[in-house]
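All remarks here apply to the structure that follows.
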2 protein chains.
Amino acid sequence: MKPPHAAPDQRTGSVQAGTKHAQASEFSGKVDQGGSDCMAVSSMLQRIGDKWTVLIVSYLGNGPMRFNALRREIGNISQKMLTTTLRNLERDGFVLRTVTPSRPPAVEYELTQLGRCLLVPVSGLARWTLENIDRIEAARAEYDAKEG
Amino acid sequence: MKPPHAAPDQRTGSVQAGTKHAQASEFSGKVDQGGSDCMAVSSMLQRIGDKWTVLIVSYLGNGPMRFNALRREIGNISQKMLTTTLRNLERDGFVLRTVTPSRPPAVEYELTQLGRCLLVPVSGLARWTLENIDRIEAARAEYDAKEG
DNA sequence: CGGCATCCTGCGGGATACTG
DNA sequence: CAGTATCCCGCAGGATGCCG
């Protein structure tokens with residue numbers, strides 16, 4: 001693994017404005033996006049950035065749910081992907097799977113503590129998305145307009 | 001249809017930050033059932049959850065960079081993917097591309113205001129990842145051990 | 001009900017070569 | 001230097017079928 005920011009000169013590890021945009025942005029907190037951490041972030045984003053993970057975690061945020069309940073709620077997920085995604089979530093310790101041996105068997109999924117606290121940063125990104133999606137779509141429209 | 005609304009034991013919250021965005025537009029992709037806000041988040045995660053986006057945005061967080069500088073810094077990205085990713089970032093309004101017509105031509109990329117403020121929630125996720133990666137890997141090891 | 005197993009397709013993304 | 005154009009491959013992920 002090659003650590004990002006192998007940049008020799010600078011090892012600040014924070015987003016500092018370049019020469020032109022030196023003025024502070026509207027946010028006050030410092031952003032330490034620049035260090036060797038970006039690999040971890042990148043990996044995490046790819047991990048939860050797949051098609052269904054966040055959606056499922058969100059639904060499970062409401063409380064425990066059974067397999068087909070989850071499936072019905074989401075609506076258009078194949079059971080293969082639901083199974084796969086739940087398995088991965090279970091493996092990472094985000095979701096707890098509980099089998100009740102009845103007939104037919106009942107399987108309940110619920111968020112673990114780790115899974116619930118994952119919702120915190122994710123909801124931060126959610127908030128940001130909802131706050132800025134208009135600007136993003138406007139930018140897209142403008143860009144596409146210029147292309148023809 | 002009740003939209004997923006997370007209730008972690010802390011007030012930090014849900015994946016949903018608001019309920020006003022009715023229009024789905026292209027961000028919702030092809031899935032069109034109820035929880036449109038979750039879809040927006042999910043789409044955003046997929047958008048920035050690709051292989052290079054966050055990495056590039058992180059590097060650009062240090063200031064403007066030229067194409068090959070960026071390329072050298074990242075190290076193992078194909079120029080095709082660098083171009084593609086930068087184009088997408090430009091289209092979304094995250095990155096500004098400035099061409100200086102010299103010989104050879106110089107092209108500089110820098111984060112826009114929107115791009116910089118994206119770093120805020122992303123670094124939140126980064127922080128969370130670094131704080132919890134040990135638990136995740138422990139959970140994985142345990143899970144894998146039980147599987148054989 | 002809650003799964004695996006299998007097949008198949010689309011597309012993300014790498015390698016390579018060519019331009020202005 | 002900063003791209004564009006092709007070709008190619010792996011794999012995420014959908015459809016379908018069978019099983020305890």
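- Between the CZ atom of B/Arg103 and the C1' atom of D/dC1 there is a distance of 12 Å, given to the nearest Å.
- Proximity of B/Val107 to B/Arg66: side-chain heavy atoms (C-beta onward) are nowhere separated by under 4.5 Å.
- Taking atom CZ of A/Arg72 as the reference point, atom C1' of C/dG2 lies 12 Å away to the nearest angstrom.
- Evaluation of the salt bridge (Lys or Arg N to Asp or Glu O under 4.0 Å) rule for B/Arg135 yields no partner, not counting sequence neighbours.
- B/Met65 has its CE atom 13 Å from the P atom of D/dA2, to the nearest Å.
- Rounded to whole angstrom, the span from the CG atom of B/Leu70 across to the P atom of D/dG3 amounts to 11 Å.
- Considering only side-chain atoms of A/Arg87, the nucleotide from C/dC4, C/dC1, D/dT4 that sits closest is C/dC4.
- Comparing atom distances between the A/Ser78 side chain and each of D/dG14, C/dC1, C/dG13 picks out D/dG14 as nearest.
- The base of C/dG13 does not come close enough to the side chain of B/Lys51 for any donor and acceptor atom to sit less than 3.5 Å apart.
- Candidate nucleotides C/dG20, D/dC7, D/dG13 were compared by shortest atom distance to the side chain of A/Asp50, and D/dG13 ranks first.
- Side-chain proximity of B/Met81 to the nucleotides D/dC1, C/dG13, C/dG2 is greatest for C/dG13.
- Within the nucleic acid shown, A/Arg66 comes within 4.0 Å of sugar-phosphate atoms alone, with no base atom in reach, counting heavy atoms only.
- In this view, B/Arg71 satisfies the side-chain hydrogen bond (donor to acceptor under 3.5 Å, both in side chains) rule with no residue, not counting sequence neighbours.
- The distance between atom CG of B/Asn88 and atom P of D/dG3, rounded to the nearest whole Å, is 14 Å.
- Contact annotation: A/Tyr109 does not reach the phosphate of C/dC1 (side-chain N/O to OP1 or OP2, under 4.0 Å).
- Both A/Pro105 and B/Trp52 lie near DNA chain C, and the one whose nearest nucleotide falls closer to the 5' end is A/Pro105.
- You'll find that the side chain of B/Phe67 is closest to D/dA2, out of D/dA2, D/dG14, C/dC1.
- With distances taken from any side-chain atom of A/Arg97 to the nucleotides C/dG2, D/dA2, D/dG14, the minimum falls on C/dG2.
- A/Gln113 and A/Arg116 share a donor-acceptor pair across their side chains, judged by distance under 3.5 Å alone.
- No donor-acceptor contact under 3.5 Å links the side chain of A/Gln79 to the base of D/dG13.
- The CG-C1' distance, from A/Asn68 to C/dG3, rounds to 10 Å in whole Å.
- When side chains are defined from C-beta on, A/Leu111 does not count as touching A/Leu96, because their heavy atoms never get closer than 4.5 Å.
- Between A/Leu86 atom CG and C/dC1 atom C1' there is a gap of 14 Å when expressed in whole angstrom units.
- When rounded to the nearest whole Å, the span between CG of B/Leu82 and P of C/dG14 equals 11 Å.
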